Amino acid sequence: MDPIKDEPVMVSFPFSAIVGNQQAKDGLVCALSSPGIKAVLICGPKGSGKSLLARSMEHISGGRSIVVLPMGVTEDRVFGAMDIEGTIRDGIVRLDRSLVSRADGNILLVENANLMNQDILHQILNIAETRTSTVERDGTSGTETCDTLVVATMDPSEGDVSEHILDRFDMCIFTSNMEDEDERSEVVERNLEFSSDPIGFCERYRDEDLGLEELIARSRDSAVFIRIPEGYCRAVTQLCLELGVSGHRGDISVINASCALAAMDGRETVDRDDLKTAAALCLEHRRRNDSDDERDDDPPEGPPPQQDQEESEPEQDQNNEPQDEPPDREPPVPDISDMDQESSEDSDTEEEVFAIGETFDVIDYMPPADDRLKRGRSGRRSGSTEEDPSGRCIGYRIPRGRIRDIALCASIRAAAPYQVIRDHSDLAIVLEGSDLREKVRELRRGNDILFLVDGSGSIGAQNRMVAVKGAILSMLKDAYQKRDRVGMVVFRTDHAEEVLPLTKSTLRAYNALSTIPTGGRTPITHGLLKGHEVLSRENGGGNPVMVILSDGRCNKSLEPGRKPLGEMLETARGLAGSGIRFIVVDTEAGKMNLGLAMDLCRELDGTYLRLEELNADNVFRSVRRTIDDF
Amino acid sequence: AKSTAVRALASLLPERHVVGGCACGCPWNDASSRCPECREREDPQESIVPMRVVELPLSSTEDRVAGTLDIEHAISTGKKKFEPGVLAKANGNILYVDEINLLDDHIVDLLLDAAAMGVNFIEREGISYSHPSKFILVGTMNPEEGDLRPQLLDRFGLMVDVEAERDEERRMQIIERRMEFERDPEDFSSRYEEQQAELRDRIQEARELVGDIVPGKDVVRAAVRIPLHLDVDGHRADLTLIKSAVAYAAMQGRTEVLPTDVAHVAPLVMAHRMRRNPFQDSRLDAKELESWIQSKMNQ
């Protein structure tokens, strides 16, 4: 059965009939017009038209059809595998038509790129870039050409792809939701018209789509001849450096896109506007979070202390006017040596429960799951273990030891070439022990995020607790979207308490957050140990992460007579090898920072952030400024 | 109470006209959306079958859901044949997933793909195949056990809140009826047959009416304003409001949709979409919504 001929006929929505998202449409036309652009990522929230855009490209792609890469795809289908029937019949290995060969000369559509197996995605992007696919499997080898355009879609709230993979996308276009009532009405009406009469509807937009198709074909032909004036490449390189884009793919993509844009405009040379447009298309997704520019712009002081931000209001995360903390709220500068004693006087302030501050979009604060996991946790890697039969099957291998999860098709494939010579009696296929294969499964592990919260009086005194709670709530929302588990341990006075066991229930998390009291001294060491205990309990749960929100001013020791700060740092040092990823969020306001949280972070070998830096808006705006100023 | 309701739905469902013998239940009148096997069939026969509720167990593996190589066939004849999975059986039917929030993520991904396209593409284990997979997805869940992924939540058109009955009288009634049913299921069912038949007919008539209803501009406006006002992402909410309002009007026997129809269905359509902030109370106040819509319409 030839899948291309026999696929159910689906009329897709005409490209020109798509309402709004003009930048996205322009970007796609540019990609189609450039022979050098091989991979495009369409990124946006759910329901914003990503799939619609991707699939409607069919109408303007000049004969290139859309080949769909389904979610549950296994390696053998993507890259090529044995044609069982042919091999059994002939006794020599015959290869099936792979997805890659079907994609040759066409467009390969990968939906939800962030949810699929990342190795397969990586290999596909490689193939697109190099235009070849080399196959070494099932007892045969071969190389085939593959000239394709990979179009992927993704909803970033569902999870991220790694930087390496992002870099392999030449272009990233963003879709967004519409706010305008008229536009939205138009979307609904066109959708209804299309549903009731798809053929007629397409007819109405045929001319416009044809026009685009012709433009694309012309531009593709002339794009290679576009002249690039002296200094242009230098400008591109400078821009990439300034934005902290690493590697050279960014530069090359910008050049390719610029040429396509010039060709589309009927010009012979690229100009400054081409550069701006191309940069926005090709560099936005490659910028590094910690490029030097952002460090120089101090983000504004955190959300102003407010006593009654109620949870019934939807998040207001656009409010970032810099506000100074009122001077009378700041306590006098303490001497570190004072704190490092176990003082007998009661430094407790009255116990208070603060409201939850404003919420905002969080940056991607999670450090990559690198070799931290190899240390300390013996025998566990972040894939699924051999014992675990759940998880998506992504391929097969020659079994090691006892077979638990047999891959029947792969075993049949292995036996296929030998059928001609084996003794059959009345069996159609004869398998021998050496033919057997077992499945390779992948289980995506979420994170187990434990929030270790400083409930001491020092946080309350500066009224920081409101902002801290706001930050935790924002991170909780982020975790909910990514299907992570969250838990909470609060430390104050002289103990640490597990106020929320690891859970996926957002309701429980919220309730726990609202009732955190503040007051008393800062027993950070107790907190660290309790947090470690909670995370270690989980065997085979998610990747353990501890987010510590504190100013680091430990003034209560676990062992009597020991200096609190020293004990804290020593404990931290001990925990650094435990396999937990640590993130220290410094709650100390700018002017008063003693650097203690930083010291704690260093001993934990963790990631350091100031409370204000969690807010994604602060980071995003400085990048846009850089592009615009250029 | 949730599962009982869904399973009882089966007997109210209309019949379907399909191609006889097809594992995917390809529709008879729509030739363009048939599976490859049906398109190659030499002498297709029309067959009338009842609509069913197909259950997807929580412990399903992808090969059973998406379909796979028919191993038996391969072993006995040496030839490749597609063995249909749950997504094929669900085509044209209701796909019921109990405790859907506990379903494995990668199985959910498969459902999402098929629900989005109405087609199930299979590329695995030696098989390259596709077949229509249009189904009504019905899921149940207990929110205390965990949440549903926002992307999956968005694909549900409507949400119904089922609460355990608190009124003492009603609770007694529930127990009594259940016991009667268990003592003699057939007798119990026959007592309600008249009501069932009436409902069945109403549904059938409404289905026929729906195709002729064209919503006017004022209805479209209402459907667009509500999600905007409630700060809901994406266009699915708008479209679902329209389609639900049309269905509601058809159930009332009308060929004209009114903005009040939109207001009426809004709680069902919007309640689960409003959780942009997962910590908000997701219960939408129906009264508040209706009066707000009235005020907008009077402008």
Side-chain angles (χ1 to χ4, degrees), chain A residues 1 3 6-10 45-49 51 68-74 76-78 81 84-85 88 99 111-112 115 155 157-158 177 179 181 184-185 187-189 191-192 311-312 314-315 359 390-393 408-409 412-413 428-429 444 473 477 480-481 483 504-507 510, chain B residues 32-36 39 62 66 69 71 74-80 104-106 109-110 112-113 116-117 119 121-126 128-132 143-147 149-151 154 215 217 220-221 223-225 228 231 233-239 242 276-281:
Chain A
M1 37 183 173
D6 298 337
E7 263 169 22
V9 172
M10 292 177 301
K46 57 189 186 313
S48 57
S51 290
V68 176
L69 187 84
M71 283 276 245
V73 73
T74 46
D76 52 299
R77 299 315 305 161
V78 179
I84 299 183
E85 286 178 23
I88 291 179
L99 260 177
E111 300 251 45
N112 297 310
L115 298 178
D155 179 349
S157 72
E158 282 255 307
N177 285 305
E179 305 287 319
E181 205 181 282
R184 286 178 84 125
S185 299
V187 168
V188 171
E189 286 184 9
N191 197 287
L192 291 172
E311 52 271 28
S312 55
E315 64 184 86
T359 56
S390 65
R392 171 167 60 190
C393 171
L408 210 37
C409 298
I412 293 177
R413 278 202 297 275
I429 300 187
R444 254 193 343 258
L473 183 60
K477 279 157 57 182
Y480 157 73
Q481 306 221 318
R483 311 283 282 169
K504 269 188 167 166
S505 169
T506 50
L507 193 58
Y510 182 71
Chain B
S32 63
S33 51
R34 289 193 195 163
C35 70
R39 264 179 271 152
E62 317 100 81
L69 181 72
I71 302 279
I75 290 183
S76 50
T77 64
K79 293 210 186 303
K80 267 199 305 210
D104 272 341
D105 274 350
H106 60 282
D109 293 341
L110 285 177
L112 283 180
D113 255 10
M117 292 309 305
V119 178
F121 287 97
I122 301 115
E123 295 280 351
R124 51 182 307 110
E125 311 238 327
S128 198
Y129 198 74
S130 61
H131 66 79
E144 280 167 30
E145 302 221 351
D147 298 306
R149 257 163 64 185
Q151 211 185 40
D154 190 44
K217 285 221 186 297
V220 174
R221 281 281 149 168
V224 160
R225 279 195 188 139
L228 262 180
D231 208 15
D233 275 339
H235 298 286
R236 290 200 186 95
D238 310 18
L239 291 167
I242 290 275
R276 272 243 291 180
N277 178 346
F279 306 100
Q280 274 172 354
D281 193 354

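From a predicted model like this one, the values you see are computed outputs, not experimental measurements. Chain letters run A, B, ... following the sequence lines, proteins first and then strands; every chain starts at 1.
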Exercise. Decide side chain to side chain contact (heavy atoms under 4.5 Å, CB included) for A:Val187 and B:Asp238; before the verdict, give the C-alpha distance in whole Å, the side-chain angles of both, and the deciding distance to 0.1 Å.
Key: CA-CA 9 Å; A:Val187 168; B:Asp238 310 18; over 6 Å; no

Quiz item: Going through the distances and angles, do B:Lys217 and A:Glu189 end up as a side chain to side chain contact (heavy atoms under 4.5 Å, CB included)?
Solution: CA-CA 9 Å; B:Lys217 285 221 186 297; A:Glu189 286 184 9; 3.1 Å; yes

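- Listed here is the closest heavy atom pair of A:Val188 and B:Leu239: CA-CD2, 4.0 Å.
- The minimum heavy-atom distance between B:Val224 and A:Arg184, with the atom names listed, is CG1-CB, 3.4 Å.
- Closest approach of A:Gly47 to B:Arg236, counting heavy atoms only: N-NH1, 3.7 Å.
- Shortest non-hydrogen contact noted between A:Leu192 and B:Pro215 is CD1-CG, 3.7 Å.
- Using a 4.5 Å cut-off between heavy atoms, A:Leu69 does not touch chain B at all.
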